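The structure under discussion appears below in the form of structure tokens.
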Amino acid sequence: MTTTTPPSDSGGAASDGAAFPIIATGLSKRYSEVLAVDSVDIKLPAGVVGGFVGPNGAGKTTTIQLLLGLVAPTGGSAKVLGESIEHPSRYMARVGALIEAPAFYPSLSGRRNLEVLTSLGRLNPARIDEVLAMVELSDRAKDRVKTYSLGMKQRLGVAAALLPDPELVILDEPTNGLDPAGIREMRAVMRGLADRGITVLVSSHLLREIEAICDHLLMIDHGRIVFEGPISGLLDAQRSGLIARPEHAKDLEPLAALAIAAGKQARVDDDVVRITADEDWAPELNRQAFAAGITLRGLEATRASLEEAFFAITEAEDPGGEAEDQH
């Protein structure tokens, strides 16, 4: 679903809305016995590509629906662009959103579909050429949508979300089902939006994709925010590691045992030994390996991936109930 909203007559956003386009305090949503969103706090800075990550069913889509005024909260509060989510008409003219799969008339061209949306939403048709260029669809604008690839349809959905000239763009699983080429194209679109000063919030369960594109991170599990902050800070805070490659396969187990004897965690993984240790320990490992008659043909430091950081945080969390998001 792509949302476009006619212009609002309300006043400008408050100063906190300019600095933090999304602010939530104790935001909750219950469906009967299911607590889909559990006291969520959010403070998304302006101008970032914010990643909203978590497994399927964690509460991402329900949270986004709350922020867009599509469902009413059962607890807490939130502001989008300085306006309460109780009055979405006051801010939706400045928000572009792509929720789930975009829907278009397949027999119409990409341009004609956008013309229909501008007419229905009373939006400026002069925006059409600009948004098509922003998502790199200008050369296919006259082609029928039924000839588009899935990635092109997703980009056309983003173009539709950009028609109101928004300050904030919210994309729910925009790379879902895309091939690697489509994912790269969508990454470029999101980065381009941020470069233009538009704040982007993109949800995904694909942690590697979020790690590749986002500056700021919201991590949700069982309806609760378990981390929010710069993605670089999260990864830097995780335990780093070393990858050691002995010259001979027979030395893999002895090398792992050497690291374990030094109080480190170590395991053999194919032709390398993965060791949980700071980069500063690498010279000492090299010396001890040499003393033990083990020649290393490679020794490098690694940083925890977002996936590893996510599980490091969530494995210590008590789910405390079934907070599944079925929406």
Side-chain angles (χ1 to χ4, degrees), residues 1 3 5 8 10-11 13-46 48 50-100 166-173 199-205 210 214 216-229 234 310 313-327:
M1 176 182 69
T3 66
T5 306
S8 169
S10 68
S15 59
D16 62 343
F20 298 97
I22 296 176
I23 299 174
T25 304
L27 189 63
S28 300
K29 179 63 179 178
R30 179 179 290 278
Y31 293 99
S32 186
E33 299 301 315
V34 176
L35 188 58
V37 176
D38 185 3
S39 299
V40 161
D41 293 335
I42 297 172
K43 205 166 186 180
L44 182 69
V48 301
F52 193 19
V53 303
N56 287 329
K60 300 186 300 295
T61 297
T62 298
T63 301
I64 288 174
Q65 290 173 336
L66 288 166
L67 295 173
L68 295 176
L70 298 176
V71 296
T74 50
S77 63
K79 288 184 177 182
V80 174
L81 298 175
E83 302 287 354
S84 170
I85 60 172
E86 295 179 3
H87 306 286
S89 63
R90 296 179 180 175
Y91 60 83
M92 280 303 296
R94 295 178 286 137
V95 176
L98 177 63
I99 310 300
E100 300 173 347
E167 300 169 36
L168 169 68
V169 172
I170 299 177
L171 307 174
D172 189 19
E173 299 280 0
T199 304
V200 180
L201 178 64
V202 53
S203 80
S204 181
H205 64 282
I210 291 294
C214 293
H216 195 84
L217 186 68
L218 298 168
M219 188 179 287
I220 191 169
D221 187 41
H222 291 84
R224 295 193 298 268
I225 298 293
V226 295
F227 175 84
E228 180 181 0
L234 172 66
F310 177 82
I313 290 174
T314 58
E315 68 184 5
E317 294 285 323
D318 179 11
E322 297 298 324
E324 296 299 324
D325 176 5
Q326 303 296 333
H327 306 276

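Predicted, not measured: the structure shown is a model, and the values here were computed from it.
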*Go through the structure and list residues passing side chain to side chain contact (heavy atoms under 4.5 Å, CB included) with Ser39, not counting sequence neighbours.*
Ser28
*Compare every heavy atom of Val71 with every heavy atom of Thr62, then report the nearest pair and how far apart it is.*
O-CG2, 4.3 Å
*side chain to side chain contact (heavy atoms under 4.5 Å, CB included) evaluation trace for Leu44 with His216*: CA-CA 8 Å; Leu44 182 69; His216 195 84; 3.8 Å; yes
_Any heavy-atom pair between the side chains of Ile42 and Leu27 that's under 4.5 Å?_
no
*Who passes side chain to side chain donor-acceptor pair (under 3.5 Å) against Thr199, sequence neighbours left out?*
none
*Between Ser203 and Glu173, is there a donor-acceptor pair closer than 3.5 Å when you use the side chain of the first and the backbone of the second?*
yes
*asked:* I'd like to check the side chain to side chain contact (heavy atoms under 4.5 Å, CB included) partners of Ser77; sequence neighbours left out, ordered by chain and number.
replied: Thr25
*Going through the checks in order, is the side chain to side chain contact (heavy atoms under 4.5 Å, CB included) test met by Leu201 and Leu218?*
CA-CA 9 Å; Leu201 178 64; Leu218 298 168; 3.9 Å; yes
*Is there a donor-acceptor pair under 3.5 Å between the side chain of Lys60 and the backbone N or O of Ile220?*
no
*Can Asp172 and Phe52 be said to form a side chain to side chain contact (heavy atoms under 4.5 Å, CB included), step by step?*
CA-CA 9 Å; Asp172 189 19; Phe52 193 19; over 6 Å; no
_Step-by-step side chain to side chain contact (heavy atoms under 4.5 Å, CB included) determination, Ile225 to Asp41_ = CA-CA 7 Å; Ile225 298 293; Asp41 293 335; 5.9 Å; no
*Does a side-chain heavy-atom distance below 4.5 Å link Leu168 with Tyr91?*
no
